[in-house]
J.: 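Just dropping this structure here.
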There are 2 protein chains.
Amino acid sequence: MTVVKFSEAEKTAIAEGRLRYLAHTNDLMVVVIDFTDGPQTEPDPPHSHPHEQITYVAEGELLFFIDGEPQKLSTGDLITVDGDVPHTIQLLSDKVRLVDTFNPIREEFLK
Amino acid sequence: MTVVKFSEAEKTAIAEGRLRYLAHTNDLMVVVIDFTDGPQTEPDPPHSHPHEQITYVAEGELLFFIDGEPQKLSTGDLITVDGDVPHTIQLLSDKVRLVDTFNPIREEFLK
């Protein structure tokens, strides 16, 4: 058992205005990302990874680009991303919090 | 890719005052549970499952019982649960939203 409290979590700046904290087990990882760099006028460059992903929108609004038409997502929505499928986001609100979950874990996030 | 929008999701009543919706890939499942039956005066009965779990607290306050001392959690906190470890919760606020993530998927939730 590991507890990661928001108030005490070590947060990693992954870009200007983007902070990440996370927890993981052997095969499951949850990554919380707080974006304060929205809204964006265009999407981030697309990326992909072999890991399966599900994203939960904890706060805010965004476009999620995957498999063609962008999906407009807001608080409470879920989207799944199969392995190796290119995807990206475009923030529509000032602040967005995403909860990204992965299997297997993103080893590169632990370095 | 699957999108599950909060506003349109099919929600399953798992108990009085507890509604669940979910999304999954092959090996990853995210289950959102909205509790409106808090606060509780005592915890739910403990349970366990072989699946690894990470819980993200999207709203509210609760006690998470695992490995001895209860952990007080609130919005933004994460807790990990290894497979086969007994655990349970006690809601401390009227409303709580938990985002439970699992590997492998909880097949029994799809029936």
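All chains are named by letter (A, B, ...) in the order of the sequence lines, taking the proteins before the strands, and each is independently numbered beginning at 1.
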J.: Take atom CD in A:Glu108; do more than 12 heavy atoms of anything else shown fall under 6.0 Å from it?
T.: yes
J.: For the residue pair A:Leu78 and B:Tyr21, establish whether any side-chain heavy-atom pair is separated by less than 4.5 Å.
T.: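 Counting from C-beta outward, A:Leu78 and B:Tyr21 do come under 4.5 Å.
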J.: Is the number of heavy atoms from other residues, nucleotides or ligands under 6.0 Å of A:Lys11 NZ greater than 12?
T.: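 Yes, NZ of A:Lys11 has more than 12 neighbouring heavy atoms, counting only those of other groups under 6.0 Å.
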J.: Pick from A:Thr80, A:Val57, A:Val81, A:Thr101: which one has the most heavy-atom pairs with chain B under 4.5 Å?
T.: A:Thr80
J.: With a 4.5 angstrom heavy-atom cut-off, is it the side chain or the backbone of A:Ala23 that approaches chain B, or both, or neither?
T.: both
J.: Between B:Leu98 and B:Val31, is there a shared hydrophobic cluster once you connect ILVMFWY residues whose side-chain heavy atoms come closer than 4.5 Å?
T.: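 B:Leu98 clusters together with B:Val31.
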J.: Is it possible for you to say whether B:Ile89 and B:Ile79 belong to one hydrophobic cluster, with membership spreading through side-chain heavy-atom contacts below 4.5 Å?
T.: yes
J.: Given heavy-atom pairs under 4.5 angstrom as the criterion, report whether the side chain, backbone, both or neither of A:Asn26 touches chain B.
T.: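 Both backbone and side chain.
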J.: Return the minimal non-hydrogen interatomic distance between B:Thr25 and A:Glu52, and the atom names on each side.
T.: OG1-OE1, 2.5 Å
J.: What part of A:Val99 lies closer than 4.5 angstrom to a heavy atom of chain B: side chain, backbone, both or neither?
T.: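 Just the side chain, heavy atoms under 4.5 Å.
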J.: Which heavy atom of A:Tyr56 sits nearest to which heavy atom of B:Ala58, and what is that distance?
T.: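 Nearest heavy atoms, A:Tyr56 then B:Ala58: OH-CB, 3.9 Å.
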J.: Is A:Phe64 close to chain B through its backbone or its side chain, or both, or neither, when contacts mean heavy atoms under 4.5 Å?
T.: neither
J.: Is A:Met1 reachable from B:Phe65 through a run of I, L, V, M, F, W or Y residues, each pair having side-chain heavy atoms under 4.5 Å apart?
T.: no
J.: Against chain A, work out which of B:Arg97, B:Glu59, B:Gln53, B:His87 has the most heavy-atom pairs shorter than 4.5 Å and name it.
T.: B:Arg97
J.: Any chain of hydrophobic side-chain contacts (each under 4.5 Å) joining A:Ile105 to A:Ile14?
T.: yes
J.: Hey, is CD on A:Glu10 packed in by over 12 heavy atoms from elsewhere, all under 6.0 Å?
T.: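 Atom CD in A:Glu10 is not packed in, count stays at 12 or less.
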J.: Tell me, side chain or backbone of B:Gln71 under 4.5 Å from chain A's heavy atoms, or both, or neither?
T.: side chain
J.: Tell me which of these, A:Ile66, A:Asp82, A:Leu73, A:Thr75, has more heavy-atom pairs under 4.5 Å with chain B than the rest.
T.: A:Ile66
J.: Any side-chain heavy-atom pair from B:Leu28 and A:Leu28 closer than 4.5 angstrom?
T.: yes
J.: Let me know if A:Val85 has heavy atoms under 4.5 Å from chain B in its side chain, its backbone, both or neither.
T.: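 For A:Val85, neither part sits under 4.5 Å from chain B.
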J.: What are the two closest non-hydrogen atoms of A:His24 and B:Ile54, and how far apart are they?
T.: CA-CD1, 3.7 Å
J.: Kindly work out whether a path of hydrophobic side-chain contacts (I/L/V/M/F/W/Y, heavy atoms less than 4.5 Å apart) joins A:Phe109 to A:Ile33.
T.: yes
J.: Heavy-atom cut-off 4.5 Å, strictly under: side chain, backbone, both or neither for A:Leu22 against chain B?
T.: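 Answer is backbone: N, CA, C or O of A:Leu22 sit under 4.5 Å from chain B.
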J.: By a 4.5 Å heavy-atom criterion (distance strictly below it), what part of B:Val30 contacts chain A: side chain, backbone, both, or neither?
T.: both
J.: With a 4.5 angstrom heavy-atom cut-off, is it the side chain or the backbone of A:Glu8 that approaches chain B, or both, or neither?
T.: neither
J.: Please examine the side chains of A:Asp77 and B:Val3, heavy atoms only from C-beta on, and report whether any two atoms are closer than 4.5 Å.
T.: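 No - every pair of side-chain heavy atoms lies 4.5 Å or more apart.
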J.: Decide if atom NZ of A:Lys95 counts as having more than 12 heavy atoms of other residues, nucleotides or ligands within a radius under 6.0 Å.
T.: no
J.: Please flag which part of B:Asp27 lies under 4.5 Å from any non-hydrogen atom of chain A: side chain, backbone, both or neither.
T.: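 Its backbone and side chain both get close to chain A.
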